[in-house]
Amino acid sequence: MNSLASSVFGISIPVDGDEDSASGASVVAIDNKIEQAMDLVKSHLMYAVREEVEVLKEQIKELVERNSLLERENALLKSLSNNDQLSQLSSQQAAPSSTSQAQPPPAQPPQPNVSSA
């Protein structure tokens, strides 16, 4: 057991219980190793969180830019449309069940029948 603790933690644990000062020192050494390991875990977690925050900030920036672009496009389309189109759009949004039904495609003009004879 002593060789395992020595190889894993780099410390020597005395087997004899009469050595109180050595035992106290080994407990302190173990506590120090635990604290170092916890600090290492904390620093790795903080690094991972900072990376994720940066990724999310970039995504937010892209989404804000896209939202702004879509708002400008929407304003342009509204300015180019007439009141009848806007009221038709509003009525379609108010009754979404009517838009979910299949609508027939617009009628195609008849094609001329051309024969090579």
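Other residues, nucleotides and ligands contribute at most 12 non-hydrogen atoms within 6.0 Å of the CG atom of Asn83.
Here Ile34 contributes atom CD1 and Asp39 contributes atom CG; the two are 12.0 Å apart, rounded to the nearest 0.5 Å. Note: Asp31 CG to Met38 CE = 10.5 Å, rounded to the nearest 0.5 Å. Rounding to the nearest 0.5 Å places CD of Gln59 at 7.0 Å from CD of Glu62. Taken to the nearest 0.5 Å, the NZ atom of Lys33 stands 13.0 Å off from the OG atom of Ser26. The NZ atom of Lys42 lies 10.5 Å from the CD atom of Glu35; values are rounded to the nearest 0.5 Å.
In terms of modelled atom types and a separation under 3.5 Å, the side chain of Gln93 and the main chain of Ser90 share no donor-acceptor contact.
Under the side chain to side chain contact (heavy atoms under 4.5 Å, CB included) criterion, Arg50 pairs with Met46, not counting sequence neighbours.
Residue Val64 belongs to a hydrophobic cluster whose other members are Ile60, with links defined by side-chain heavy atoms closer than 4.5 Å.
Partner of Ser43 under the side-chain contact (heavy atoms from CB on, under 4.5 Å) criterion, chosen from Val41, Leu40, Leu45: Leu40.
A side chain to side chain donor-acceptor pair (under 3.5 Å) check over residues 72-81, counting only residues at least two apart or in different chains, returns the pairs Ser68-Arg72.
Residues Leu89 and Gln85 are not in side-chain contact: their nearest non-hydrogen atoms beyond the backbone lie 4.5 Å or more apart.
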